[in-house]
Structures are given as C-alpha cells and as structure tokens.
Amino acid sequence: MTPDAIDPEAVAPSVANLETIVSLSKRRGFVFPSSEIYGGINAVWDYGPLGVELKNNVKRAWWRTMIQDRNDIVGLDAGILMHPQVWVTSGHVGSFSDPLVECAECRRRFRLDELPGTEHLSQTDLRDETVTSRLGLVCPFDAKPLSAPRRFNLMFTSHMGPVEDDGNVVYFRPETAQGSYVNFKNVQQSSRKKVPFGIAQIGKSFRNEISPGNFVFRMREFEQMEMQYFVRPEEGAAEAFEYWLPRRKAWYEAYGVTPSRLRFREHAPDELAHYAKKAIDVEYRFPFGWKELEGIHNRGDFDLGNHAKASGANLEYFDQASGEHFIPWIVETAAGADRAAFTFLIDSYREEIVRDETRVVLGLHPDLAPYKVAVLPLLKKRPEIVEMCHKLLADLKRDMMAVYDDTAAIGKLYRRQDEIGTPWCVTVDVDSLEDGAVTVRDRDTMTQERVPLEGVKRLIMDRMAAVRP
Ligand code: GAP
C-alpha cells in the first residue's frame, strides 16, 4: 500500500471535545444512556427520536449502495442465536479474545492494549506473560502492579431452553458474518447467483468488551453492516479486495465525511484476526484519535472450509464455465452502523458566527438527516397560516420525514433545525395567504426563495435526488 500523503498527526478532528457531541445528542434526542433512571448500564446506548432516524438512514444508505444499486449482492437477515457449533468452528470460542490485566490491589480490570504506554506494543508483546512487569505497567487508578495478561473471550453466552447447563449453552453472535456463511448454499441456490457474488446483512452483534467507551464508539450491544463477497480462490480474493477497499472509503465520502479525516491502515501479520489472511481498516480521525471505522478482510476459505469439514455439508461451488468445483474464498466488508452514524454526526458538526451569534449546524447529507424539512408558521396566532402549514406538512409526510414547530420565534426555529441537520425549512407567512407561495430556506447557505406551495414537495425531492450518490 502506498503511504498516506497526509501527515495523520496534522489532521484535526471535527470537534475537539467529544462532550460537545454527547451533550448535543442527549439534549436533542439522538442518543441516551441506556436504563438511565437506574444509573445506566455500561456500554449500552439508546437511540432517541432523532437518533433512530439518523441510524435508519445510515443503514438505508448502506443497503442502497451494497444491494439495491447492484446485481451481484443479495440481502439476508439471519438469527442472532445460532447452533453453538458455529462458533466453535468459526474459531470464536477458541480465539475471539482480548488481553486482560487486573490490578492486584483494587481488582479493576483493563484491556492491556488500552493502557497508557502500550500504544506501540505488537500483538506478540500483548501475549507475552512478562509484559506488564517488564514495562512496569501499573493500574491507572492506584498505581499498583498489574497481573500478567490473560485472554478474555468476548462472547456473551446464555442457555437455550429451561435447563441451564453446559449442554445447552448458546452464544450471542459477535459478528453477523457467520449467518451468511452457514446460509451460503441456501442463498446461492435460491437466488441462482454465480461467483463472484455477495450476501449482505445488517443486524445486532454483541461483545463483552473489556473496556468499552468513547460514547457509541465501542459498545457491548451494537449493529453491524457486513457484506460477504464469495469469489474464486486466491486471485479472485486479491482482486475483490482491491475492488472493495477504495469503494468502502468512498462511501463515507459520498455521504459527506471529510476525506482528509479518513485513511487506510493495514493490520500487521501478528495483529490479524484468527480468520484473516489480510485486513485493512478504514480509519476515521475521531476526537480521541485515529480509530477503526470499517474493516476489509480477506478471509480466504477459512470459514466455508471449516464449516464444510465440521458439518459434513458440501459447501463447494460448481463453476459451470470452467467445470471446476471449489470452496469459494471470502472478502468481507465489515462496518458498524453505530460507528458510521457517530462518524456522520461528528463530522457534520460545525459552529459558525452569524451576526455575532454562534450558529451550530449539523451539515448532514440530506439522505441521512433525520428530518428532510421543517414547516414553520411565521405567525402562529393566525389560524389560516397554521392550517396551511398542516396541509403542507401532511402532504410532505407522505414521502419524507417532516416536522412542524411553532414553539418559538422564526429565528430560533431556524437555529433549532440547523442544530439537528434539517436541510430545508418552509415558512408560511401572511403573504402566503394571498399569493399561495411560501419561503424555502436552505440550511447551509441560509438563502431563502419564494416557491408556490404546490411546488414545494417537488423542489425538495428534486434537490434530494440531485445530491444522492
Ligand atoms: N465480521 C468481521 C468483524 O466483525 P470487526 O472489525 O471486529 O470485524 C467490524 O468489526 C465493525 O463492527 C467495526 O469496524 C466497527 O465498525 C463495528 N464494531 C465492532 N465492535 C464494535 C463495538 N464494540 N461497538 C461498536 N461497533 C463495533
């Protein structure tokens, strides 16, 4: 890979302080701490009225790019719970773990590679039993010695049925990918797809992360958007990898993420997940550093090969053109819906000075914005104006998310919509009653134009279509 041209240290995050986004999210109803009235539960977050719209829009945008716009990828929605053997065969029972260390004094537990002073450790170092004493690593709370690292498996377990014993343990899936692998034959045969083709899924995954945090960046319950691309062995996978890598980065850019805040990072050989032959992350410059946004993985025949062996099912593909039978290799694009939504939220945040006042704007791409349009009355005391607003609102709502607000003066109403990313506001005023026209105001330019009432919906739909990637 060619090194990045931009000095990563020189790239500033969109917001200096994560707290700006956390507080906006809470105040405006994007994201709330889970079970807050009971003091919250670590690493689980709830999406509020605006957050659920944003996240649904992110998932829709991904589905559109990965499935709707293509002929070679189909969708799937597999169960979260699967036969427990799936996770033994996939290697997750044996290898899906992070290095955990414990304070000898306070018993607090930490993920070794998240501790200060471990930034440059290799995966080999992280497995070395002497690493904590050799480097003199201590507990960040009381500076007492830390234990040697041990591997901590990240899968949540439960029991299926009314008896709780080892015989009926089930795992909460830590990735959606396995559902696509065990359904490879079902999907391929029912959809009559020829290799290369893909199976895409969006759904919840669960990981008992040792040190979750940074708001919705690392959670214990989260959503993934994963696509498994089945290809001819070896060179088919190399080609597919090169094909998907730039496209996945370009997807974030197409929906508005600043290109200089995105980069690729290749995994070192000893850092690769147990299933991966090669992995490159798309990273984003979060306020807390460059971190993984999405992973592109060449999984070889690891998954289908192992599932074929362990289950006895024939997972070979017959290539009619060449007359060959083979186990397809897999190139995976693995994104997080929460992490993507979070990234769009952070990256779109800006503060501007307008007439000596700070204007906060979420410059979200219109496809991602929770509301596409707000309908606002200039005078809420005039029933004819309010009635006109509601008529327009009802018409707009047939095709898009729209909202009405009359709880403040117009300047304040505009600012509220700017702060939640609404691309257009429509204002009905006294003149509207005479000339049947309304004012459409643009979030980014703040320009206003007079538009006949019956042309408003068309105008907004055309503008949305014009910027759709
Ligand atoms: N199937 C491969 C796989 O799961 P991964 O890199 O472990 O690969 C893929 O996860 C993506 O899922 C990550 O890039 C991230 O966006 C998201 N993700 C993983 N763990 C997460 C967590 N604890 N909280 C939020 N998102 C997470």
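In listed order, ligands and their atoms are each counted from 1. For this chain, numbers begin at 1 and follow the sequence in order.
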Looking only at protein heavy atoms, which one is nearest to [atom], and how far off is it?
| atom | answer |
| --- | --- |
| atom 7 (O) of ligand 1 | Arg207 NH1, 2.8 Å |
| atom 15 (C) of ligand 1 | Arg339 NH1, 3.5 Å |
| atom 11 (C) of ligand 1 | Ala334 O, 3.6 Å |
| atom 8 (O) of ligand 1 | His297 CE1, 3.5 Å |
| atom 14 (O) of ligand 1 | Glu292 OE2, 2.6 Å |
| atom 3 (C) of ligand 1 | Glu226 OE2, 3.4 Å |
| atom 17 (C) of ligand 1 | Gly336 CA, 3.8 Å |
| atom 25 (C) of ligand 1 | Phe217 O, 3.2 Å |

[X] bridged to [Y] by N-O distance under 4.0 Å:
| X | Y | answer |
| --- | --- | --- |
| Asp72 | Lys193 | no |
| Arg127 | Asp270 | no |
| Asp142 | Lys144 | no |
| Arg299 | Glu175 | yes |

*Residues in ring pair (Phe, Tyr, Trp, His ring centres under 6.0 Å) with His159, at least two apart?*
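If we apply the ring pair (Phe, Tyr, Trp, His ring centres under 6.0 Å) test to His159, skipping adjacent residues, there are no hits.
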
*Who passes ring pair (Phe, Tyr, Trp, His ring centres under 6.0 Å) against Tyr252, sequence neighbours left out?*
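Scan of Tyr252 (ring pair (Phe, Tyr, Trp, His ring centres under 6.0 Å), adjacent residues dropped) gives none.
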
*Asn208 side chain to Phe156 backbone, donor-acceptor under 3.5 Å*: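 Not a single qualifying donor-acceptor pair exists.
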
Which bit of [X] gets closer than 4.0 Å to ligand 1, counting heavy atoms only: side chain, backbone, both or neither?
| X | answer |
| --- | --- |
| His267 | neither |
| Tyr275 | side chain |
| Asp281 | neither |

*Check each of Arg220, Glu223, Gln224 against atom 10 (O) of ligand 1 and report the one with the nearest heavy atom.*
Gln224

Taking 4.0 angstrom as the limit and counting only heavy atoms of [X], give me the atoms of ligand 1 inside it, by number and element.
| X | value |
| --- | --- |
| Glu332 | 1 (N), 2 (C) |
| Arg299 | 1 (N), 2 (C) |
| Glu294 | 14 (O) |
| Leu293 | 14 (O), 16 (O) |
| Met219 | 22 (C), 23 (N), 24 (N), 25 (C) |
| Glu175 | 1 (N), 2 (C), 3 (C), 4 (O) |

*Compute the ring centroids of Phe286 and Phe342, then answer whether they are less than 6.0 Å apart.*
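Judged by ring-centre distance (under 6.0 Å), Phe286 and Phe342 do meet the cut-off.
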
*Ring center gap for Tyr275 and His297 short of 6.0 angstrom*: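 Between Tyr275 and His297, the centre distance is under 6.0 Å.
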
*asked:* Distance check, rounded to the nearest 0.5 Å: Leu135 atom CG versus Thr118 atom OG1?
replied: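 That separation rounds to 9.0 Å.
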
*Can you spot which of Trp244, Phe241, Phe184, Phe197 makes a ring-ring contact (aromatic ring centres under 6.0 Å, His included) with Tyr229?*
Trp244

